[in-house]
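Right, one structure below, let's go through it.
Worth saying up front: this structure is predicted, and the values here are computed from it rather than measured.
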Amino acid sequence: MIGDDTIGLLARSAAQVFEVAGIGVIVAGSLVAVVLFAMGMVRLQTYGQREKADDPVAIFRRALGRSILVGLELLVAADIIRTLAVDPTIDSVLVLAVIVLIRTFLSFSLEVEIDGRWPWQKQTPSTKEGGP
């Protein structure tokens, strides 16, 4: 039979894995966003306005926003695992609730910023392609 110490160790380890994954996604996504921005700037300098080039800043913001969203989701998962499996006191659950509320608000705000529309609005043909 698995003891409480083993379950606690597994939960802490799982929470750490999710935290590292969340941070990794944000860092890797940020690097990808910078590379996409640089490529967009080179394309813009090379072709100018002759070719319909996407706005490098918009591409950067979308890529960075998406990586932050995924990273936040992984960090919320880590907080949930740590709070409920490792230290389920009323104080820790209240702190978790505040953290989840703040991160949910951030996720919601980023989603609106990336898509340019409220989540409950239908996608128009222009927003399906990732831009306004």
Side-chain angles (χ1 to χ4, degrees):
M1 180 167 217
I2 299 175
D4 287 342
D5 291 340
T6 305
I7 292 173
L9 178 63
L10 289 173
R12 280 189 295 278
S13 298
Q16 287 177 338
V17 167
F18 276 95
E19 284 177 339
V20 169
I23 293 167
V25 165
I26 292 171
V27 170
S30 299
L31 294 174
V32 168
V34 169
V35 168
L36 290 174
F37 174 75
M39 289 172 46
M41 290 301 290
V42 168
R43 191 176 309 121
L44 191 62
Q45 293 296 321
T46 304
Y47 298 110
Q49 296 302 322
R50 293 177 295 177
E51 181 181 297
K52 185 179 190 281
D54 289 331
D55 178 23
V57 174
I59 292 169
F60 173 78
R61 291 180 76 196
R62 277 195 304 269
L64 182 62
R66 286 190 176 109
S67 68
I68 292 171
L69 277 173
V70 174
L72 280 175
E73 295 299 328
L74 290 168
L75 292 170
V76 167
D79 287 338
I80 291 170
I81 291 169
R82 180 172 287 110
T83 300
L84 298 180
V86 176
D87 187 26
T89 65
I90 191 69
D91 289 340
S92 64
V93 171
L94 290 174
V95 169
L96 173 66
V98 170
I99 290 171
V100 169
L101 281 174
I102 291 169
R103 288 188 177 161
T104 300
F105 175 76
L106 287 173
S107 295
F108 182 76
S109 299
L110 282 169
E111 192 77 37
V112 170
E113 183 72 24
I114 291 168
D115 292 339
R117 64 181 176 79
W118 297 107
W120 54 83
Q121 290 177 321
K122 289 186 177 183
Q123 284 185 309
T124 61
S126 64
T127 58
K128 284 184 183 176
E129 297 167 2

For R103, give me all partners under side-chain hydrogen bond (donor to acceptor under 3.5 Å, both in side chains), at least two apart in sequence or on another chain. D79

Listing request: all salt bridge (charged side-chain N to carboxylate O under 4.0 Å, His left out) pairs with a residue in residues 18-39, at least two apart in sequence or in separate chains. E19-R82

Any non-hydrogen side-chain atom of F60 less than 4.5 Å from a side-chain atom of P56? no

I would like to know whether S92 and T89 meet side chain to side chain donor-acceptor pair (under 3.5 Å); could you show each step before the answer? CA-CA 5 Å; S92 64; T89 65; 3.1 Å; yes

Would you give me the side-chain donor-acceptor pairs under 3.5 Å for residues 30-37, sequence neighbours excluded?
residue	atom	partner	partner atom	Å
S30	OG	I26	O	2.7

Clusters formed by hydrophobic residues whose side-chain heavy atoms approach within less than 4.5 Å: which one holds I90, and what are its other members? L94

Determine the minimum heavy-atom distance between I114 and G65, stating which atoms define it. CD1-C, 3.3 Å

Interatomic spacing from OG in S109 to CG in L69 - rounded to 0.5 Å: 10.0 Å

Which hydrophobic side chains are connected to V20, either touching it within the sub-4.5 Å cutoff or through other members that do? none

Nearest heavy atoms of G29 and S67, plus distance in Å: CA-CB, 3.4 Å

Supply the atom-to-atom distance E111 CD to R66 CZ, rounded to the nearest 0.5 angstrom. 8.0 Å

CG on D55 to CE on M41, rounded to 0.5 Å: 9.0 Å

Begin from the C-alpha positions of V42 and T46 and carry the test side chain to side chain contact (heavy atoms under 4.5 Å, CB included) through to its verdict. CA-CA 6 Å; V42 168; T46 304; 3.9 Å; yes

May I have the list of side-chain donor-acceptor pairs in residues 70-78 shorter than 3.5 Å, sequence neighbours left out?
none

Residue pair T83, V95: steps toward the side chain to side chain contact (heavy atoms under 4.5 Å, CB included) verdict: CA-CA 9 Å; T83 300; V95 169; over 6 Å; no

Applying the 4.5 Å side-chain criterion to the ILVMFWY set and letting contacts propagate, would I68 and I59 be lumped into a single cluster? no

Linking I/L/V/M/F/W/Y whenever their side-chain heavy atoms sit closer than 4.5 Å, directly or via other members, would F18 and L9 fall into one cluster? no

Let me check something: do L101 and V93 share a hydrophobic cluster, defined by ILVMFWY side-chain heavy atoms less than 4.5 Å apart, either directly or through other members? no

Determine, step by step, whether T6 and L10 satisfy the side chain to side chain contact (heavy atoms under 4.5 Å, CB included) criterion, reporting the C-alpha distance in whole Å, the side-chain angles of both residues, the deciding distance to 0.1 Å, and the verdict. CA-CA 6 Å; T6 305; L10 289 173; 4.2 Å; yes

